[in-house]
Structure formats: C-alpha cells, structure tokens
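Before any comments, here is the structure.
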Amino acid sequence: MQNEIVDIEDIAVNPRAQNSYTVTLSDIIERNFSRRVVMGGMGAAAMSVLIGGCDGAEKNASEMPVKSFDFEEIPHGVDENIHFPKGYEADILIRWGDPLHADAPNFDPYAQSASKQARQFGFNNDYIGLAPLPMGSENASSGLLCVNHEYAITHMMFPDDGSLSGKDKSDIEQAALGNSIVEVKRDKNQKWHVVQDSPFNRRITMLETPITVDGPAAGHQRLQTPQDKTGRNITGTFQNCAGGMTPWGTYLTCEENINHAFGNINHADQNNPEIQKAKRFGVGKYSNNWYKYDPRFDLKATPNEINRFGWVVEIDPYDPTSQPVKHTALGRCKHEGCSVTIDKSGYAVAYMGDDQHFEYLYKFVSKAKYDPKNRKANLSLLSEGTLFAAQFNEDGKMNWLELTFGKNGLTPENGFASQADVMIDARIAGDIVGATPLDRPEDVEIHPENGRIYVSLTKNEKRKEGNIANPRTDNIFGHILEISTQNDHLAQSATWDILLFGDKTGSYKGRLACPDNLAFDGQARLWASTDQGSAWSKTGNSDGLYAVTTEGKERGYAKLFFRSPVGAETTGLCFTKDSKTLFISVQHPSADDTDKWDGFGRKSTFSDPATRWPDFQANMPPRPSVVQITRKGKMI
C-alpha cells in the first residue's frame with residue numbers, strides 16, 4: 001500500500017477479468033471442489049472452511065509425518081509494539097536511516113538529504129536474503145544481508161515544516177528506495193550486528209545507480225529514451241518488493257508497482273501505443289509527485305521510460321563494483337518475487353507472481369544448464385530462455401503456456417512484432433494465450449525436499465460472486481495454492497490443490513488472512529507472512545508471521561508466531577541456514593488505517609504517529625526495520 005491513498009494492487013486492470021467468458025481460478029475451484037473432496041484432493045483447511053469444523057477435515061487429511069512447530073502461539077490483536085513467543089528474543093538489526101559506512105552520517109529525520117540517504121539504510125525494507133561469507137559456507141557466522149526498499153510514504157518520512165521542497169523530497173525518496181547490501185556478523189551470543197566498515201556494504205538507489213539490460217528487449221526502441229538512446233543503460237530500480245537468492249549466489253530483486261511514479265498521462269499523446277499499454281499497468285489510477293520534478297516520470301515527456309521498469313534485477317552481492325542487470329527474458333509485469341531452482345536435468349527454473357488482481361503466474365526455464373564449477377557462466381543463466389504462463393484446469397491439472405513470439409497467437413496480427421514485444425508486454429501475452437487470472441499472485445516458494453510449488457494469492461475483493469473456494473461475496477482474505485511437480489520443473493503440466501484459505505472467523509486454527517511472503521526454514525517447514533493492507537480492521541489483527549503445516553492431519557493450519565505494530569506489514573522473512581536466526585522486515589509501521597484502531601483513532605503523520613516503534617522516542621518517527629529473532633541454543 002502506498003501513502004494510504006489507495007491499495008494499488010487492488011485495482012483490476014486486466015480486461016479479461018471483466019468479461020463473462022473468462023474462466024478465473026475461483027470459477028474452476030467452484031466447479032471441481034465437491035468431486036476433489038471425494039477423491040481426497042483438497043487440503044484440510046479448505047474443507048474446514050466449508051464444513052465448519054476441523055473434525056471432518058481431519059478424516060480426509062493426509063497421514064504423512066508432520067514436522068511440528070513447538071512454540072506457544074501468541075495472541076492475536078493490535079497495539080504499538082511487536083510480539084513473539086515466550087522463550088524467544090527479538091532485537092532490531094538495522095533501521096531506516098542507519099549508516100551503512102563508518103563515515104556515513106547518523107540519521108536525523110529533521111535534516112535529511114538525498115546524499116545522506118544514499119549512504120544510509122533505505123526506507124520500507126521488504127525482501128531479505130542472506131549470502132553467506134565466505135561464499136558457499138553452510139554454517140557461516142558472517143554474511144551479506146540483501147534487502148529491498150519498496151516505496152516511499154511522504155507524510156511519514158518528512159516533517160511538515162516547509163524545510164524541504166517538493167524536489168528535495170522526491171530526490172530523498174528516490175535515494176531511499178532500491179536495495180541495501182550490508183555485511184552482518186554473529187557474535188558468541190548468536191546475535192547479529194552490522195559491520196559498518198565492510199567493503200561489501202552498498203546502496204543501490206532509484207536516484208543514481210546505473211543498471212544495464214540484457215535479454216530480448218535489450219536495446220529495443222521501446223526502451224530507448226532521449227536520455228538513453230541505446231535502450232541499455234537505465235538509472236535505478238524501485239518498487240522492489242520480494243526477490244530471491246540464486247543457487248549461484250546472486251540476489252534477485254523485483255520491480256512491482258512501477259505505475260506509482262509515472263504521471264501526467266492525461267496530457268500525454270493518447271495515440272501513442274505506449275500510453276495505452278501503460279494503462280494495463282494501472283497508470284493513471286494514482287501517482288506520486290516524482291513526475292513533477294523528474295521528466296523521466298512524465299509520460300508526456302518520456303513515454304518509453306515506463307518500459308524500463310517492471311523487471312527482475314540480478315545483483316552480485318559479492319562484487320560491490322558489479323553493475324546490476326535487468327533480465328528482460330523473465331518478462332515485464334508487477335513482479336512480487338522470483339524463486340529459482342535447478343531442475344534435475346540441470347536447467348535453472350524461476351517461478352514468479354504478478355501482484356495485481358486477475359493477473360498471472362509465470363515460469364522461466366533457462367536455455368543453458370547450470371554449471372556448479374563455473375559461476376561466471378551461471379551469471380548469464382537468466383539472460384536467455386523460455387517464459388511460460390500458468391493455466392489452471394478443471395480436472396485438477398494445470399498447463400504451462402509458452403510465451404514465445406510466433407506461437408500461441410503471439411503474432412503480428414495480435415500486436416507483437418518480436419520476442420522483445422512479448423517480454424515488454426508479458427501481461428498482454430498472458431491474456432492472448434489464455435493464462436488463468438488469479439487473485440493477486442504474490443510470493444512463490446519451492447519446497448526444498450519434494451519440489452512442490454506454493455503460491456500466495458493474497459486477496460481479490462473484486463470478485464463479484466461467492467463460490468465454494470471462497471464462500472464470501474468477495475475474496476478479501478486470499479488463499480495459498482500448492483502445485484505438485486513431482487520434482488520435474490521442466491514438465492509442461494502439473495497438478496494443483498489448495499493448501500489453505502485465508503479466514504477471519506476462526507473456523508479453522510490460526511485465522512491467517514491475506515498470505516503474502518513465504519519461506520521454508522532449515523527443516524523444510526513453511527512460514528507465511530500476511531499483507532492485509534486496510535483490511536486489517538476487518539480482522540482486528542495486525543499483520544504477522546504464521547507457521548503453516550503442509551502435511552498430516554493439521555495440513556493447512558496456521559499458527560501465529562510474530563505480530564507487527566499497528567499499521568505495519570510483516571515481510572521479508574529469511575532464515576539462516578542453521579535456522580537459529582529468523583530475519584523479518586517490519587514495513588511502514590503506523591501507516592495503514594490507524595484511524596480504525598481504537599487506541600489512536602486518527603490518521604498517522606510524521607509528527608503524530610500511532611506508534612513510534614522501534615525507537616519510542618519523541619524526536620523519532622516510526623522507522624521500518626529489520627528484526628532478528630533467536631532462541632538461545634535452539635533452532636527457531
């Protein structure tokens with residue numbers, strides 16, 4: 001959510017979603033649910049929602065061994081602080097504005113500048129990855145924390161005293177977004193600390209970092225601008241939501257709600273095809289003020305600039321001099337994350353969700369094979385390959401539809417002149433091949449043992465009719481899909497199921513609502529964070545982190561482990577390889593709908609926030625932060 005103006009992801013811009021002939025995933029689930037229950041195919045939580053209790057669900061559930069969670073569940077609720085189970089410790093590792101270098105300035109919220117922010121930890125930390133030091137170490141006590149900084153919230157970042165101009169704020173916001181790479185070390189008490197003098201520490205910002213482009217769209221005229229006539233040299237990355245760490249030790253960061261920054265569409269040339277296609281990204285629904293100060297974001301002045309964002313970006317955290325790369329072979333959309341595995345045949349396979357109502361799930365298969373002895377060659381694995389979009393069928397199977405120029409209707413007759421067009425307009429390509437519109441497909445994670453794929457479908461309040469899968473008039477609490485690959489990620493088909501449905505009523509254990517980021521710990525157990533946005537007031541619970549059972553009688557049950565402060569979102573969950581530390585991002589504390597909390601009753605601002613977490617000091621605004629959670633002598 002951005003600036004409490006509107007939940008941008010909640011705007012449906014896929015024209016297929018409005019047509020009666022379009023079959024959505026919920027339609028498919030409704031038609032097949034009863035037959036699949038008889039066959040024992042649906043998860044325990046799904047059945048529990050429908051029949052009203054856990055006993056009936058357990059009779060049809062899997063009897064597979066369960067890897068249990070032994071913590072005492074924390075209470076649901078909402079207040080000013082974080083909450084975690086008894087026997088655990090939580091410490092702030094790093095906060096917005098903390099210096100990343102020994103000579104960087106300390107954070108002063110009343111004396112901000114773009115040059116200072118470019119050397120400090122960014123705003124609204126989201127995805128977290130950990131690259132071990134040395135590279136390849138299994139139980140390292142040192143590593144490189146790789147963190148996304150998603151979006152700015154002007155009224156929560158700056159004092160309203162007139163000390164900063166609109167241009168100042170725009171530049172600081174751009175400097176606050178992108179990525180932070182920070183060396184961290186673990187002490188004898190199992191607590192991690194930032195190494196401020198590390199040569200690895202680095203900020204990648206929207207304001208000034210040069211980024212190159214590869215793949216089918218590199219150099220294409222649709223990526224060329226007056227500032228970059230080559231179409232290969234892009235300044236910055238932003239709206240970095242989730243991501244992934246590759247098997248060859250690089251960091252993938254994903255550009256999501258890029259439409260936020262682009263404005264002036266009503267004064268742009270409406271006959272320009274790029275302007276019409278920009279509307280497929282939701283441009284015009286809402287915009288921040290960057291376009292008033294930077295012509296890159298003025299669609300009248302620079303209509304091609306938007307095509308330079310919406311990509312997966314690869315960063316080598318081990319080489320602070322390396323240039324990030326935008327991989328156009330992975331398609332352009334509102335990427336939530338990018339999870340990569342090496343198939344048994346040796347090819348790299350990436351799974352990605354497009355986080356908006358009625359959008360698609362994607363898979364990429366590399367052209368070249370992974371070489372464990374040649375890291376340099378692996379750095380180009382995501383540069384060339386084949387992209388697919390998912391189609392879910394009524395028989396419990398699903399197909400991967402190829403997005404290649406000249407196939408499946410991706411032809412000049414349908415507006416595509418090359419593979420570059422297919423990748424730039426991956427959403428439109430998905431429309432044409434018949435991919436299944438989903439309810440905000442966000443994070444996708446791969447089970448480390450059995451290869452199953454788990455997909456968070458966060459919510460879709462645009463659904464006009466209730467159905468068996470979501471027995472509400474609108475799907476405001478989401479669900480999690482499970483795709484069975486049989487550990488064959490190159491297969492063109494698979495089977496699918498529902499692991500759990502989001503719920504507020506307590507009709508099954510856990511009451512998880514609006515699943516977002518997913519992660520597996522070192523014991524191959526699934527964890528899910530939530531992103532309710534303004535819907536938190538409907539559940540009465542702050543966003544949090546849940547342990548989710550994937551097998552056995554309690555399959556699909558969720559158990560609350562961590563709760564964020566009021567108005568915040570829990571994101572970026574990341575476990576160390578030994579599972580003795582869990583890193584969590586707490587994003588935008590005090591931002592979301594604090595007027596609906598009885599403990600505050602009004603909208604938050606910089607000077608009057610609902611909570612001043614984590615500092616709780618009168619001269620400090622709330623600060624997005626990375627939290628580390630440990631349990632002395634034991635795994636999480």
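- At a threshold of 4.0 Å, the pair Glu445-Arg452 does not count as salt-bridged, since none of the basic side-chain nitrogens sits closer than that to a carboxylate oxygen.
- Checked by atom type, the side-chain pair Asn487/Lys344 shows no donor-acceptor distance below 3.5 Å.
- Counting non-hydrogen atoms of neighbouring residues, nucleotides and ligands closer than 6.0 angstrom, the NZ atom of Lys279 exceeds 12 such neighbours.
- A donor-acceptor distance shorter than 3.5 angstrom exists from the side chain of Asn378 to the backbone of Asp371, with no hydrogens or angles considered.
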Take Thr530 and Asp543 through the test side chain to side chain donor-acceptor pair (under 3.5 Å) and record every step on the way to the result. CA-CA 5 Å; Thr530 63; Asp543 278 321; 2.7 Å; yes
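- In this structure, the separation between SG on Cys241 and CD on Glu255 is 12.0 Å, given to the nearest 0.5 Å.
- Under the 30°/60° scheme for interplanar angles, the aromatic rings of Tyr351 and His489 are found to stand perpendicular.
- The CG atom of Asn475 lies 6.5 Å from the CG atom of Asn460; values are rounded to the nearest 0.5 Å.
- The distance from atom OG of Ser484 to atom CD1 of Ile453, rounded to the nearest 0.5 Å, is 9.5 Å.
- Using modelled atom types, one side-chain atom of Asp521 and one backbone atom of Ala524 make a donor-acceptor pair closer than 3.5 Å.
- Applying the side chain to side chain donor-acceptor pair (under 3.5 Å) test between Thr458 and each of His357, Arg440, Glu442 identifies Glu442 as the sole match.
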For Thr485 and Asp488, what are the C-alpha separation, side-chain angles and deciding distance, and is it a side chain to side chain donor-acceptor pair (under 3.5 Å)? CA-CA 5 Å; Thr485 65; Asp488 181 2; over 6 Å; no
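- Of the inter-residue distances, the one linking Leu438 atom CG with Asp355 atom CG reads 11.5 Å to the nearest 0.5 angstrom.
- For Glu138 and Lys577, the salt-bridge test passes: some basic side-chain N is under 4.0 Å from an acidic carboxylate O.
- Minimum heavy-atom separation, Gly572 to Asn517: N-OD1, 3.4 Å.
- Between Phe238 and Phe309, the angle of the ring planes goes over 60°, which puts this pair in the perpendicular group of the 30/60° scheme.
- Remark: Gln486 CD is loosely packed, at most 12 non-hydrogen atoms of other residues, nucleotides or ligands lying under 6.0 Å away.
- Under the 30°/60° scheme for interplanar angles, the aromatic rings of Tyr454 and His447 are found to be tilted.
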Could you go step by step and tell me if Lys277 and Asn307 meet the side chain to side chain donor-acceptor pair (under 3.5 Å) rule? CA-CA 10 Å; Lys277 290 176 179 178; Asn307 293 333; over 6 Å; no
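- Taking OG1 from Thr404 and CG from Leu387, the interatomic distance works out to 8.0 Å, rounded to the nearest 0.5 Å.
- When Trp527, Tyr557, Tyr546, Phe561 are each tested for a ring-ring contact (aromatic ring centres under 6.0 Å, His included) with Phe69, only one passes: Trp527.
- The aromatic rings of Trp248 and Tyr370 sit tilted, their planes meeting at an angle between 30° and 60°.
- Heavy-atom minimum distance, Asp421 versus Arg222: OD1-NH1, 2.9 Å.
- Atom NE2 of His149 sits about 10.0 Å away from atom CG of Asp126, to the nearest 0.5 Å.
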